[in-house]
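This report concerns only the one structure given below.
Because the structure is predicted, anything quoted here is derived from the model rather than measured. Chain naming here is simple, since letters A, B, ... match the order of the sequence lines and numbering starts at 1 in each.
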Amino acid sequence: MLQASSVTRRFGTLTAVQDLDLSVAPGELFCLLGANGAGKTTTINLFLGFLTPDSGTVTVGGIEPSVDPKGARRQLAYISENVALYTQLTGLENIRLFCQMGGRRLDDHTLQALLDRSGLSPAQMNRRVSNYSKGMRQKVGLAIAYARETGALLLDEPLSGLDPAAASDFCSELARLRADGAAVLMTTHDLFRAKELAGTIGIMRAGRMVEVVDASTIGAHDLERLYLHHMRAPTELGSAT
Amino acid sequence: MTSLLVRLQLTTWRRDPRLLGLLTAMALLLTLASSWATADDVARRTAQQQAATSARAEWLERGADHPHRRAHYGDFVFRPAGSLARLDRGVQAQLGKVLRIEAHRQGTPLFSDASQAGTVARFARPDAAFLLQLVVPLLLIFLGATGLAADRDAGRLKLALIQGASARTVARGHFLALWGLGLSLLALVVAASLGTSTALDGFTTLAWERLAGFMLVHALFLAIVSAAVVAAALWARSARSALLVLLAIWVVATAVLPRAMGSTANTLYPLPSQDAFQAAMQASREAGPDGHNPEDEAIEQRKQEVLDEYGVTSVKDLPIDFGGIAMQMDEDFGNEVWDTHHGELQAQFERQGELMTLAALVNPFQAIDHISMAITGTDLAHDLDFQAQAERYRRGLVHALNHEHAYGGPKERGASWEATPDFFAGLDAFEYAPPRWGAAIQHRTKELWSLVVWTFLALLAIRRGAARLERSQRPC
Amino acid sequence: MLSLALPFELRSLLRNRVGITAVLAYIVIGSVAIAMGARHVSAWEHALDEAKQAQEASVAEASGYFESGKPGPEDRSWVDLSKPRWQNEYAATRVVRDPGPLAGIAAGSIDPAPVAFQLRSRADPLAVAGYRIENPEVASGSVDLVFVLTMLTPLLIGVLGLEIGGRDREERIDRLVIVQAGEVRGWLVARVVAVTTIASTAVATVCLAAALVGGAGFSASATLLGMALGYTILWGGLLLVVAAGAPTVRVGAFGFGALWTVLCVLLPATVAEIGVGRTAADFAIGETLDARAQQWSAYDQDAEVRVQALYARFPELQELPAGLEEMLAPGLSRHTYKASQLERLEARHSARLQQEADARQFATRASWLSPPIALTVALERVAGVGPEAASAYRSHVVEAFTDRLHWIVVQAWTLEPLDQGTFEDLVAEGPAPFRWRPIGLASPAAALLVWLLAGWLFAMFRLVRTERRFGMGAETSRDRSS
């Protein structure tokens, strides 16, 4: 569903992503780990079509975002580190607006059900987003992603800043999505959540994918050791987010 | 610490290419506007002097003349520019530039710049005062909101406080940086004007004490603006809201409030139409003696008194020309009528002015406008003073002519008698003496106090805001 | 997208105290401006009523003399209503200037002409002030609809659309928009269109209210509405220019504020500086010293020269009884000055017209420089208030004055005493009231249209360029530097 083949992306003299190969099949959750500037967000942006690769190919359901960004995005849902919403609207109004933008006119009952599924109570969903915590925003973002009913989900550090309970709820929902057959590409710094959620874990460093491991074959402490090993190794390249 | 913060702020402005570009553009704009307005003022003064010289030459060239004929030939008074109009033109463009001086009639000056320039005269002109009072505050608002307020948003202020700087010191540093910038622009304006003056007329017409006053009150005004900007940055929730609040205040204080108060003043204290004023004058005038009407009762009565006084029975036997006395009677009554009606008009002007002064107490933008116009000699008070002096000149001139008409010349003169050219040459030309600048701003003391109080309030707001910040009552 | 953006912006407006206050303030200030305009028109009409009453009183006084068989008032033995000069004086004919239905919208304009001018034989139609006596410190601050539309409409649009683009980028909402809608351009354009629609509703409300209060017809109302809405849409385009590239709300606010300051304050001020500066050194020598010199030199002319000049101007006088006589009849000498009086008047008027034509041309050219100038020029021309309307009225007065002097001279040359019938005819056949017909609207309207198209085209170009530079519009300089 999500495919990157020998992708390189530079910003001037800085190489953000180099020779990246990555594949996420439907029903698979691929976690990207890496320090700040490792190239994780750049990878997400390449799939979203916000950036075009200097070389190599990125495809979403067989469509290159750089060639047909709208076509590629139709197959994607996206949740960022900070889900940005219109604060003057309520959670329900936000999801309605963004669904309509995506060409989906869902009735309020369906929208409420989506918000409910993402863990937002009816009282919360009718409050203005300006009064929301970060976790509540992430839940609205997740509901928007549900509503898209796309085959692929891109998550850019979605757990960052969430309290443990909210993070736990969020992970449960992700597991459900994955079980429903979505291809999920997620970036995170949380090794333990990655181990818990992902089928495949990729470790990026200075734009390169330095390690890809099957999550089921490695313990949490081994994953941490492996991660720190790669992070502490001498570097040759510059870095990007 | 304060000087360190000021230097830091200056460095920030210097190193940001957008801000540097903005400051450079502002400096160029101020220099250009100030120089242009000064050159315009010099040209205006020269033209005014030439016009006055021509009028005097024509007066003298007529040579011998009958005094009353000369009273109708009259004179023209050309309005001189305000003492420091090169820095603030005030309401000069709306005022007539030429006043006809003639027997039996008073009037208002005609041919204002605004009436001659077409639709574009509706807009304000960019002299130094306009830029210092409207545009420079806008610049200070923007710099303040992107300086201290942004520092607060970004957490840099919190860092500074944690490092041991007091909020008051930080605020003082920002205030001094903003005020220093404002003062530099003020100095630039004055320097540009003085430079242009030197090149064009060598300071001959510059009123130094007024210049000092102009700089002083503008320095005070810029202190208010700088302090208000810093205070808003301290009190507002974010840089965005500080910017919005300050911009809203700027729009209301510079564009909406003065106009709203002007309209209110016109509504509460309406002025008569020109027609109504003239009709009322004419109606009052018709109730008194008419010097040109030999059958006028009052004139007849006076004639009898004069005949009795000289012990004769006919005007032909009088050693004087009664016509001159009749004309002066007419003139005296006309002056009373003018004083009554024009006095009422002036009283209405004053009521309107008092309302505008009240508005200036709550709006420092209006206060500085009023004071600046008073100092530069371009406000309504100076206009009324000019008109009063011109009217005194008219009365003196016509009185002298009527006196010559009545008592000048030989006893046996005939109808074709004419006074000598020397007599007319001996009558002084009009010379306007502007009021001393202390007297000029005397009626603006309320506005001056307003500026002082506003400065105090704005500095107090900084102090309170800083204290509040230190007590962490506001998020930073 | 517009069907989404409009309810979105309306909801945002209703939940935004600043926005709703701005709309209400705009409508309130607009209403005040309309009320001020209505007051201005009412004062104008009152001045006309007073002029009419004064004329009626004078006519009634003369009719009384005719009916009692007296030549005039007892205490003025020289007044003789059988003479054309005195018939004219007592007819007290006023050339009146009717306010147009939209006169109130430009109440703050500088209008240097009266609303009624009495055709006295020795009057000077050019040496008159505006009909209002103004306190210059107060007059320069009038609120009229022209001010509200030109200066406050852009601010209203700015306040309503301040966050468009800048906030989306600052908070990265645009990324979600892009993922959902495929691109962000349509959403931004739709939001600006929605904001422009909301602002246009407020603008249309005050314009229609002004038209209703003034009793304007369809054509005048449509012109006002068209100009005002065109200007609003134009500023919508300029808002989009800013929104297209603003990385943050603060930069957007500064950009829009700078645009407003330049277009609404600095450029009009610069144009005023040049326009008014051209007259600063003009102390009207031609109309004062030179005119007086010519007037008094005419007094010194030989009577024969003056008569010949009069016949040259009005050849038909030579065919009338006084013209057929060898010697000029007694009492006619005073009329021989009228040829030179008219000649001087026409020369001064011609110079004044030239000056006014220059000023008009300058204003028209300046319209291309800045939309507020274009709208001000257009609205003054629609309203029939301001220097251009004053100039047209003055020409109308000069024409009526010339006709009246001609009538006096012709009547004098008949050598027949005039009766009450002639007086009544003179009163009845006064000049038609002056009614301004809007002219010269094409150029400012074209300027507004060009600005409107240029603004929107440039905004679209800027949006496309932003997308090209930063992928699909989501990547900002922050992405590139991080």
I need the minimum non-hydrogen distance between C/Pro387 and B/Thr119, along with the two atoms involved.
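In terms of heavy atoms, the two residues are closest at CG-N, 3.4 Å.
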
Of the non-hydrogen atoms in B/Val256 and C/Leu152, which two are nearest, and what is the gap between them?
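Closest approach of B/Val256 to C/Leu152, heavy atoms only: CG2-CD2, 4.4 Å.
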
Counting only non-hydrogen atoms closer than 4.5 Å, does B/Thr46 touch chain C with its backbone (N, CA, C, O), its side chain (CB onward), both, or neither?
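Neither part; nothing is under 4.5 Å.
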
Residue B/Phe349 versus chain C: region with a heavy atom under 4.5 Å:
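Both the backbone and the side chain of B/Phe349 come within 4.5 Å of chain C.
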
Salt-bridge test for B/Arg44 and C/Asp282: reply yes if a basic N is under 4.0 Å from a carboxylate O, no otherwise.
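C/Asp282 and B/Arg44: not salt-bridged.
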
Salt bridge check: are C/Lys52 and B/Asp275 linked by an N-O gap of less than 4.0 Å?
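No salt bridge links C/Lys52 with B/Asp275.
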
Between [options], which shows the greatest number of heavy-atom pairs under 4.5 Å with chain C?
{"options": "B/Pro126, B/Ala117, B/Ser115", "value": "B/Pro126"}
{"options": "B/Arg62, B/Arg69, B/Glu61, B/Met373", "value": "B/Arg69"}
{"options": "B/Gly96, B/Ala121, B/Ala33, B/Ala93", "value": "B/Ala121"}
{"options": "B/Arg89, B/Met356, B/Gln278, B/His370", "value": "B/Arg89"}
{"options": "B/Ala279, B/Ala265, B/Ala255", "value": "B/Ala255"}

Residue pair B/Arg122 / C/Thr376, side-chain donor-acceptor N/O under 3.5 Å:
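No pair is found: no donor N or O on one side chain lies under 3.5 Å from an acceptor on the other.
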
Interchain contact, [X] with chain B, by part (heavy-atom threshold 4.5 Å):
{"X": "C/Gln295", "result": "neither"}
{"X": "C/Glu50", "result": "side chain"}
{"X": "C/Phe362", "result": "side chain"}
{"X": "C/Ala363", "result": "both"}
{"X": "C/Ala258", "result": "neither"}
{"X": "C/Val271", "result": "both"}
{"X": "C/Ala127", "result": "both"}
{"X": "C/Leu289", "result": "both"}
{"X": "C/Ser391", "result": "neither"}
{"X": "C/Asp49", "result": "neither"}
{"X": "C/Arg352", "result": "side chain"}
{"X": "C/Val148", "result": "neither"}

So how far is it from [X] [atom1] to [Y] [atom2], rounded to the nearest 0.5 Å?
{"X": "B/Phe111", "Y": "C/Phe283", "atom1": "CZ", "atom2": "CZ", "answer": "12.5 Å"}
{"X": "C/Glu163", "Y": "B/Leu244", "atom1": "CD", "atom2": "CG", "answer": "8.0 Å"}
{"X": "C/Thr261", "Y": "B/Leu134", "atom1": "OG1", "atom2": "CG", "answer": "10.0 Å"}
{"X": "C/His40", "Y": "B/Asn266", "atom1": "NE2", "atom2": "CG", "answer": "11.5 Å"}
{"X": "C/Asp358", "Y": "B/Gln116", "atom1": "CG", "atom2": "CD", "answer": "12.0 Å"}

On the six-membered ring of C/Phe147, is B/Arg259 placed so that its NZ or CZ lies under 6.0 angstrom from the centre and within 45° of the ring axis?
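Flagged: B/Arg259 positioned over aromatic ring of C/Phe147.
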
How about [X] and [Y]: do any of their side-chain heavy atoms sit closer than 4.5 Å?
{"X": "C/Val265", "Y": "B/Phe130", "value": "yes"}
{"X": "C/Ile274", "Y": "B/Trp36", "value": "yes"}
{"X": "B/Phe123", "Y": "C/Ile373", "value": "yes"}

So which of C/Gln118, C/Glu287, C/His46, C/Glu388 has the largest heavy-atom pair count under 4.5 angstrom toward chain B?
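The option with the most such pairs is C/Glu287.
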
Could I get the full list of salt bridge (Lys or Arg N to Asp or Glu O under 4.0 Å) partners for C/Arg76, not counting sequence neighbours?
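B/Asp290.
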
Check salt bridge (Lys or Arg N to Asp or Glu O under 4.0 Å) between B/Glu102 and all other residues, then give those that pass, not counting sequence neighbours.
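For B/Glu102 the salt bridge (Lys or Arg N to Asp or Glu O under 4.0 Å) partners, ignoring immediate neighbours, are B/Arg100, B/Arg105.
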
I'd like to know if the side chain of C/Glu137 and the backbone of B/Leu380 have a donor-acceptor N/O pair within less than 3.5 Å.
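The answer is yes, because a donor-acceptor pair under 3.5 Å joins these two groups.
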
